[in-house]
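The structure under discussion appears below in the form of structure tokens.
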Amino acid sequence: MRIYVVNDFNKLFYFSHFHISLTAQKEEFQCPSNIANGNYADPVTCRRFYQCVDGFPYLNRCPSGLYFDDVQKFCTFKDEAKCGPLSTTPATVTDAPVDKAQKCNTEECQLPYCFCSKDGTQIPGGLEADKIPQMIMLTFDGAVNLNNYDHYSKIFNGKRKNPNGCNIRGTFFLSHEYSNYQQIQHLAYAGHEIATESISQQQGLQDKGYEEWVGEMIGMREILRHFSNVSVNDVVGMRAPFLKPGRNTQYKVIEDFGYIYDSSITVPPVPVPVWPYTLDYKISHECKSGTCPSKTFPGVWEVPLNTHYVEGFEGGHCPYLDQCVLHNLDENEVFEWLQEDFSRYYEQNKAPYMMPFHTNWFQTKALTNGLHKFLDWVLELPDVYALTVTQMLQYMTDPKEMREINTIDAWKCDKSVAVAPKPCNIWNTCALPFKIPEQNITDTRYMETCRECPNVYPWLGDAGGTGISGRDNYIFSGPVQDADGENVDEN
């Protein structure tokens with residue numbers, strides 16, 4: 001079985017456009033002799049790459065509009081791709097941030113407020129894998145609207161239950177543009193977790209300063225409060241756009257504004273998956289993005305994205321499941337691949353199995369059907385629970401064996417799970433003026449909400465859509481930070 005890696009965060013494309021040539025090419029490309037398998041840049045064009053299998057090259061083409069990144073080894077947008085071939089000798093790094101975090105000290109780091117382990121693979125509480133539950137987290141990134149809401153409703157259809165009889169639930173990392181806030185309120189009322197992924201999904205946010213991160217994340221949380229009636233106290237998680245953490249700056253915002261966790265850091269392909277950890281100590285795994293925090297942020301949880309792959313790495317690897325495209329696009333092959341991926345967790349240390357998606361996944365029937373088959377199969381296992389990220393963390397702070405699962409309050413069916421009031425049956429469809437940032441153009445944006453329509457389309461600095469630019473003034477407890485998370489003297 002092989003997978004082929006694609007990266008498409010914002011635009012939908014049909015996988016039929018992903019032409020894969022499985023015939024050997026006559027071009028004189030030589031696979032590296034010291035590495036049997038992997039993906040390598042085409043020396044002629046960034047639109048193609050070679051897949052080396054047992055030292056034999058196969059030519060592959062990126063989807064239309066995408067280019068091969070020779071560092072991360074997948075196809076992405078032109079302005080993000082590092083075109084190759086690139087030298088394998090690391091370039092000299094200048095002005096690297098000083099890593100001020102210390103290595104994990106398990107004697108000092110104690111639950112419920114701190115958790116770490118030497119290599120990140122240890123089970124919290126010192127419990128044994130065969131005595132604990134396997135947790136699954138279904139997470140969804142981006143806007144919620146008519147393109148995906150029905151797909152989400154079919155996953156959470158009320159028929160799929162955890163072993164304790166409670167409905168399975170998921171976590172939605174939301175961005176603003178094109179979101180339907182009446183539908184988001186439905187998800188929140190059903191008990192799904194609502195988290196933030198920024199207002200604008202702007203490129204390069206990882207290099208921006210404190211105020212920009214506050215505007216994007218806290219502004220998004222305020223938009224959810226205004227138009228989906230989701231309490232600020234229930235929005236406790238965030239995910240950086242494009243999985244590019246904002247160095248120390250983002251995590252300082254998490255501290256200052258009462259977030260509990262982040263889920264932006266990816267773990268490179270490892271044989272044993274990594275458990276979530278707090279940022280009291282140095283991260284135990286490689287930071288692929290290069291923009292992870294270099295300081296400690298005590299008590300802040302990181303819920304990393306373990307990389308998905310098949311054994312042998314023949315098709316590469318990917319953090320989001322919709323970046324992994326199976327060759328035949330057959331629903332049974334999708335089902336079998338998810339089973340194989342899941343087994344790496346279930347048969348080893350039972351680290352929480354995160355299944356992250358963009359809308360892309362649901363544009364292909366075989367992928368959708370394969371996911372449904374997998375969920376029906378995995379939820380028949382007596383020790384598998386599909387939970388929100390916060391439910392998973394509530395377990396981690398006080399880990400229990402399977403025989404004690406019914407004592408976990410956050411997992412009980414009779415616990416009130418709604419994080420928003422019951423949504424309206426008749427909602428407002430608002431046609432709102434939107435001045436496109438940095439352009440002298442006013443467009444129209446549509447937004448659905450149970451609340452009254454705002455004056456203008458909500459945006460950065462104006463979460464309520466009042467039409468008063470820069471109106472928002474968020475209260476925070478910490479000092480002003482620069483782009484590296486250092487304190488700034490305002491005098």
Please find the pair of heavy atoms, one from L367 and one from W361, that lie closest to each other, and give the distance. O-NE1, 3.0 Å

Which residue, Y178, F434, F227, forms the ring-ring contact (aromatic ring centres under 6.0 Å, His included) with Y457? F434

Output yes when R239 and D141 qualify as a salt bridge under the 4.0 Å nitrogen-oxygen rule, no when they do not. yes

Side-chain (D462) to main-chain (D472) donor-acceptor, under 3.5 angstrom: no

Is K350 paired with D130 through a side-chain N to carboxylate O contact shorter than 4.0 Å? no

N/O donor-acceptor pair under 3.5 Å between H176 side chain and P458 backbone: yes

Tell me if a side-chain donor or acceptor on E193 pairs with a main-chain N or O of T388 at a distance below 3.5 Å. no

What I want to check is whether the side chains of N145 and S179 have a donor and an acceptor closer together than 3.5 Å. no

Under 4.0 Å between a Lys/Arg side-chain N and an Asp/Glu carboxylate O for R445 and E177? yes

Y210 side chain to K252 main-chain N or O, any donor-acceptor pair under 3.5 Å? no

Distance SG-SG for C116, C104 less than 2.5 Å: yes

Backbone N or O of Y181 within a donor-acceptor pair of the S228 side chain at under 3.5 Å? yes

State, without any angle test, whether Q206 and S289 hold a side-chain donor-acceptor pair at a distance under 3.5 Å. no

Do N148 and T359 get their side chains close enough for a donor-acceptor pair, meaning under 3.5 Å? yes

So, the side chain of S264 versus the backbone of A240: is there a donor-acceptor pair under 3.5 Å, distance only? yes

